[in-house]
Amino acid sequence: MRTRVRGWRWRRNPLRRRSDVVEAWTGLLVCVLLLVTAPLAGLGAGQAAYDQAQAAARVQRAERHPVRAVVIGDTAERLPGVRSDRQHPYRAEVRWTDPGGRTHSASARVPRGARAGDAVSVWFDARGRTVAPPLDDVAVRQHGVVTGVFAAGGAVAVILLGHAVERRVALRHRLAEWEREWARTGPKWTQPRA
């Protein structure tokens, strides 16, 4: 049966080695780092990413404008490699009238399921090119949260990797201490008795 003594590394004990004390302090430090530093790193990185995405969304809203258009082409075709724009992943031929009364047509991004005759919102930039709609608040929040979670996870991984390296080095030192002690004590125990 195995009994466990709590805090044995902290108490004065003739069997306690220096490596035991170092390991105990390192364990305490790792706990503090995991409970304080990792969440703070995630929070800081998430807030920075959120602020950056919020600024990008403001710029996009200032540069882009929506136009009501009518789909005139056949079935919309899926844009290859478009992952960032889930709302408008297809392209179709559309027609719209500008405030001056002129009619325009172009190939533009349209929502999924748009058919000929459907009215859709099409986004244009300052140069008149069709673009994806600007980032909405949900996408900005998601970007901040995901960045924060990954930063906290990265901090945890670095802390645990450092702890694993420290444990390995402590084990080497502990084995070296045991070898030195055995070299000193071993001959007394292994001598033949008369």
Side-chain angles (χ1 to χ4, degrees), residues 1-64 78-89 131-194:
M1 190 164 162
R2 186 175 168 188
T3 59
R4 191 165 191 165
V5 178
R6 292 180 185 255
W8 68 273
R9 291 182 172 138
W10 301 100
R11 296 184 189 145
R12 294 266 178 228
N13 184 336
L15 298 177
R16 184 185 71 174
R17 296 173 305 273
R18 191 173 139 249
S19 60
D20 295 330
V21 175
V22 169
E23 190 173 351
W25 280 106
T26 306
L28 181 65
L29 178 66
V30 166
C31 287
V32 168
L33 288 175
L34 287 175
L35 294 175
V36 176
T37 306
L40 286 177
L43 188 65
Q47 186 64 46
Y50 176 79
D51 292 342
Q52 189 177 28
Q54 191 78 4
R58 273 194 299 274
V59 168
Q60 287 178 357
R61 284 187 206 110
E63 291 177 346
R64 300 173 184 188
R78 183 151 179 87
L79 291 170
V82 175
R83 293 184 186 163
S84 63
D85 185 16
R86 287 184 231 129
Q87 296 173 348
H88 294 78
V131 293
L135 293 173
D136 58 354
D137 290 336
V138 173
V140 170
R141 267 189 244 110
Q142 284 177 344
H143 180 68
V145 168
V146 168
T147 302
V149 167
F150 276 107
V156 166
V158 167
I159 291 166
L160 293 178
L161 180 65
H163 184 58
V165 167
E166 182 278 327
R167 295 275 310 230
R168 187 172 178 98
V169 169
L171 178 63
R172 283 189 183 171
H173 284 276
R174 185 177 306 122
L175 291 176
E177 285 178 11
W178 284 349
E179 280 295 321
R180 285 191 301 271
E181 289 295 321
W182 184 249
R184 204 172 345 145
T185 309
K188 295 177 188 173
W189 286 53
T190 56
Q191 289 180 354
R193 296 184 185 209

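Keep in mind the model is a prediction, meaning the values are calculated, not measured.
Looking at residues two or more places apart in sequence or on another chain, you find a salt bridge (Lys or Arg N to Asp or Glu O under 4.0 Å) between Arg61 and Asp137. With sequence neighbours excluded, the residues forming a side chain to side chain donor-acceptor pair (under 3.5 Å) with Glu181 are Arg184, listed by chain and number. For the side-chain contact (heavy atoms from CB on, under 4.5 Å) test, residues two or more places apart in sequence or in another chain that qualify with Leu40 are Val36. For Val59, the side-chain contact (heavy atoms from CB on, under 4.5 Å) partners at least two apart in sequence or on another chain are Glu63. Among residues two or more places apart in sequence or in another chain, the salt bridge (Lys or Arg N to Asp or Glu O under 4.0 Å) test is passed with Glu177 by Arg17. With sequence neighbours excluded, the residues satisfying side-chain contact (heavy atoms from CB on, under 4.5 Å) with Leu171 are Arg174, Leu175. Residues passing the side-chain contact (heavy atoms from CB on, under 4.5 Å) test with Ala49 are His143, Thr147, sequence neighbours excluded.
Counting only residues at least two apart or on different chains, the side chain to side chain donor-acceptor pair (under 3.5 Å) pairs with a member in residues 29-47 are Gln47-Asp51.
Taking each heavy atom of Leu34 and Leu160 in turn, the nearest pair found is CD1-CD2, 4.0 Å. When all heavy atoms are compared, the tightest approach of Ala151 to Ala41 is CB-O, 4.0 Å.
Summarising the geometry, atom CG belonging to Asp136 is positioned 10.0 Å from atom CD belonging to Gln60; distances are rounded to the nearest 0.5 Å. Between the CD atom of Gln142 and the CG atom of Leu135 there is a distance of 10.5 Å, given to the nearest 0.5 Å. Taking CG from Leu161 and CD from Glu166, the interatomic distance works out to 12.0 Å, rounded to the nearest 0.5 Å.
With contacts defined as side-chain heavy-atom distances shorter than 4.5 Å, the pair Val138/Arg141 qualifies.
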